[in-house]
Amino acid sequence: MIYTITLQNCAFFARHGVHDEEEFLGQRFFVDAELDVDAGDALERDSIDDTVNYGIAFSVIEEIVTGRRRYLIEALALDVAKELCRRFPTIRRAKISVRKPNAPVPGVLDYVQVSVEHFA
């Protein structure tokens, strides 16, 4: 059995992007994580030790997003997905979406979003 844990609209201040001003000024990034988890005995045992602790998962996302600069939000999303799968071996699929509201584009838009799926 597989179940899904979703962390929606996690907000962090970071300095990702290809332009120097993006590193200098920084901006908010928003992350969604959809984690498909192998249930094992977790649901029957009703124990936090047998599942993905979403408080820790949030901290992992924060650690990656606020860490070293990435030029591409695609690379950022992949790094988040891979690290979540590494830290939580019961995750079978991590779909990570990163939104960048202040993307440097020649027009008006709400945000740019990239999603990456990583299968463990």
Side-chain angles (χ1 to χ4, degrees):
M1 178 189 330
I2 299 287
Y3 61 96
T4 302
I5 295 174
T6 303
L7 288 86
Q8 193 76 38
N9 221 28
C10 306
F12 308 103
F13 183 84
R15 301 176 185 280
H16 305 292
V18 297
H19 301 289
D20 291 339
E21 62 269 16
E22 292 178 292
E23 181 179 22
F24 179 73
L25 297 173
Q27 62 182 291
R28 287 192 327 168
F29 291 82
F30 297 89
V31 178
D32 300 335
E34 184 177 291
L35 310 172
D36 289 344
V37 181
D38 185 344
D41 294 335
L43 304 181
E44 288 83 16
R45 291 173 39 105
D46 193 26
S47 170
I48 190 72
D49 296 329
D50 298 322
T51 187
V52 173
N53 180 320
Y54 46 80
I56 295 172
F58 180 91
S59 296
V60 169
I61 296 167
E62 180 178 36
E63 176 185 312
I64 302 298
V65 174
T66 62
R68 72 172 175 81
R69 177 185 181 190
R70 274 77 169 186
Y71 292 114
L72 303 177
I73 59 175
E74 297 91 317
L76 177 62
L78 179 61
D79 287 349
V80 169
K82 289 169 81 174
E83 185 61 16
L84 284 168
C85 289
R86 188 187 74 75
R87 297 237 191 138
F88 298 100
T90 56
I91 294 176
R92 297 294 169 247
R93 179 190 71 100
K95 179 180 179 184
I96 307 299
S97 299
V98 177
R99 284 182 301 290
K100 186 176 185 176
N102 298 314
V105 298
V108 177
L109 60 95
D110 284 339
Y111 54 82
V112 171
Q113 176 174 304
V114 172
S115 297
V116 170
E117 286 187 73
H118 177 70
F119 297 88

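One is the number of the first residue; the rest follow in order along the sequence. What you are looking at is a predicted structure, and each value in this text was computed from that prediction instead of being measured.
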Which distance, rounded to the nearest 0.5 Å, do you find between the [atom1] of [X] and the [atom2] of [Y]?
X	Y	atom1	atom2	value
R15	L25	CZ	CG	8.0 Å
L78	I64	CG	CD1	10.5 Å
I73	K100	CD1	NZ	6.0 Å
R93	E34	CZ	CD	4.5 Å
T51	D46	OG1	CG	10.0 Å
D32	N9	CG	CG	6.0 Å

Task: Residues L84, I96; criterion side-chain contact (heavy atoms from CB on, under 4.5 Å); working and verdict - done: CA-CA 10 Å; L84 284 168; I96 307 299; 3.9 Å; yes
Open item on the list: Test: ring pair (Phe, Tyr, Trp, His ring centres under 6.0 Å). Region: residues 51-92. Which pairs qualify, not counting sequence neighbours?
Closed with: F12-F58
Open item on the list: So for atom CZ, which belongs to R69, do other residues, nucleotides or ligands contribute more than 12 heavy atoms lying within a distance under 6.0 Å?
Closed with: yes
- [ ] Please indicate whether F24 has more than 12 foreign heavy atoms, meaning atoms of other residues, nucleotides or ligands, lying under 6.0 Å from its CZ.
- [x] no
Open item on the list: Tell me whether K95 is salt-bridged to D36, with the criterion being a basic N under 4.0 Å from an acidic carboxylate O.
Closed with: no
ILVMFWY cluster, [X] and [Y] together (side-chain gap under 4.5 Å):
X	Y	answer
V112	V98	yes
Y3	L35	yes
I56	L7	yes
I91	M1	yes
I2	V52	no

Just by modelled atom types, is the [Y] backbone N or O under 3.5 Å from a matching donor or acceptor in the [X] side chain?
X	Y	result
H16	R70	yes
S47	D49	yes
R68	V65	no

Task: Nearest non-hydrogen partners of A11 and F30, listed with the distance - done: CB-CE2, 3.5 Å
Task: Closest heavy-atom pair and its distance - Y111, R99 - done: CE1-CD, 3.2 Å
Open item on the list: Do E22 and P104 have side chains that approach each other closer than 4.5 Å (heavy atoms only, starting at C-beta)?
Closed with: yes
